[in-house]
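Okay, structure first, notes after.
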Amino acid sequence: MILSTILISTALVILLAIISFWLPMMTPDTNKNSPYECGFDPLGSARLPFSMRFFLVAILFLLFDLEIALLLPSPWAVHLNTSLITILWATVILTLLTVGLIYEWIQGGLEWAE
């Protein structure tokens, strides 16, 4: 029983490793082969202007990603003696981020096309 499980697992791992090694070689893409996958020409001028909308969306993503990290301990805060304070601070964080998102939405900062 254990030997058959080990053999099947080993065969599956080897098969998946071979497939993952050969599959990308079949369809090379020029953008994937370039050093930078962001769409900029790495050999061109380094003085090209960047889109501020790209940076705005990137910063908003980081903010909401950090929000998850800050709110992750909230379910365990219920078991603390000062759970009300922790839940209050979590609510303040959520409220501030929601108000900021609504402000950006109203100002049109999240629109890609004008």
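We number each residue from 1, following the sequence as shown.
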Shared hydrophobic cluster for I106 and Y103 (ILVMFWY, side-chain gaps under 4.5 Å) | no

Review item, side-chain donor-acceptor pairs of residues 2-11, under 3.5 Å, at least two apart:
| residue | atom | partner | partner atom | Å |
| --- | --- | --- | --- | --- |
| S4 | OG | M1 | O | 2.8 |
| T5 | OG1 | M1 | O | 2.9 |
| S9 | OG | T5 | O | 2.8 |
| T10 | OG1 | I6 | O | 2.7 |

Besides L62, the hydrophobic cluster formed by Ile, Leu, Val, Met, Phe, Trp and Tyr side chains linked at under 4.5 Å, directly or via other members, contains none

Donor-acceptor pairs under 3.5 Å, side chain of residues 84-96 to any protein atom, not counting sequence neighbours: which ones?
| residue | atom | partner | partner atom | Å |
| --- | --- | --- | --- | --- |
| T86 | OG1 | T82 | O | 3.4 |
| T91 | OG1 | I87 | O | 2.8 |
| T95 | OG1 | T91 | O | 2.7 |

CD1/I102 to CD/Q107 distance, rounded to the nearest 0.5 angstrom?
-> 12.5 Å

Mind checking whether L63 and L71 sit in one hydrophobic cluster, side chains of I, L, V, M, F, W, Y counted as touching below 4.5 Å?
-> no

